[in-house]
Amino acid sequence: MHVRVSPGSVALDEPDDCNSFKVLLAEGAKDALPGLLESAAAGKVDDPDVLVSVDWIKSQCAGRIGMGWNYRFANMLVYAAGKGWLSEDGSHVRAHVETY
């Protein structure tokens, strides 16, 4: 699962993959990242990472995921919590940013 951020858009790629999670940032969108995330209600920057909204992820996955996704996604969040990558209230999951 990847959050792809490019100039003017924020999208979720590979929503059925709960084994990988990161933000893919287009080189030209770096300065606009905070505003793009906010306008899409996708999350917020927590330099050098991004805190991605769990509700946004779920909304982006609707109608695009296979059987068992809820279980796999819940396990992903449990794993993230164990690593300290889930916000205290469980509303955001931390993702590292890779520029492309």
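Quick caveat, the model's predicted, so the values are computed rather than measured.
When every heavy atom of Gly43 is checked against every heavy atom of Leu37, the shortest pair comes out as O-CB, 3.4 Å. Nearest heavy-atom pair, Pro7 versus Ala26, reported as atom, atom and distance to 0.1 Å: CD-CB, 4.0 Å. Shown here for Leu36 and Ser6, the closest heavy-atom pair between the two residues is CD1-O, 3.6 Å. Closest approach of Tyr100 and Val5 over heavy atoms only: OH-O, 4.0 Å. Here the closest heavy-atom approach between residue Met1 and residue Cys18 is recorded as CE-SG, 4.0 Å.
Ile65 and Val93 end up in the same hydrophobic cluster when Ile, Leu, Val, Met, Phe, Trp and Tyr side chains are linked at under 4.5 Å. Leu12 and Val52 fall within the same hydrophobic cluster, defined by Ile, Leu, Val, Met, Phe, Trp and Tyr side-chain heavy atoms under 4.5 Å apart, directly or through other members. A chain of hydrophobic side-chain contacts below 4.5 Å, direct or via other Ile, Leu, Val, Met, Phe, Trp or Tyr residues, connects Leu77 to Val23.
Annotation: side-chain hydrogen bond (donor to acceptor under 3.5 Å, both in side chains) contacts involving residues 44-56, sequence neighbours excluded, comprise Asp46-Arg94, Asp49-Arg94.
Residue-environment remark: CG (Asp31) stays at or below the threshold of 12 foreign heavy atoms within 6.0 Å. Other residues, nucleotides and ligands contribute at most 12 non-hydrogen atoms within 6.0 Å of the CD atom of Glu38. Counting non-hydrogen atoms of other residues, nucleotides and ligands closer than 6.0 Å to NZ of Lys58 gives a total of 12 or fewer. Around the CD atom of Glu88, the shell of radius 6.0 Å holds no more than 12 heavy atoms that belong to other residues, nucleotides or ligands.
Residue Val3 forms a side chain to side chain contact (heavy atoms under 4.5 Å, CB included) with just one option from Leu24, Val10, Val97, Asp13, and that option is Val10. Residue His92 is tested with Leu86, Leu51, Val54, Ile57 for a side chain to side chain contact (heavy atoms under 4.5 Å, CB included); the sole match is Leu51.
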Exercise. Please assess Leu33 against Val50 for the test side-chain contact (heavy atoms from CB on, under 4.5 Å), listing each intermediate value before the final yes or no.
Key: CA-CA 9 Å; Leu33 179 60; Val50 169; 4.1 Å; yes
Quiz item: Run the side-chain contact (heavy atoms from CB on, under 4.5 Å) check on Trp85 and His96 step by step: do they pass?
Solution: CA-CA 10 Å; Trp85 301 335; His96 71 279; over 6 Å; no
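Remark: Arg72 engages Asp16 in a side-chain hydrogen bond (donor to acceptor under 3.5 Å, both in side chains) (not counting sequence neighbours).
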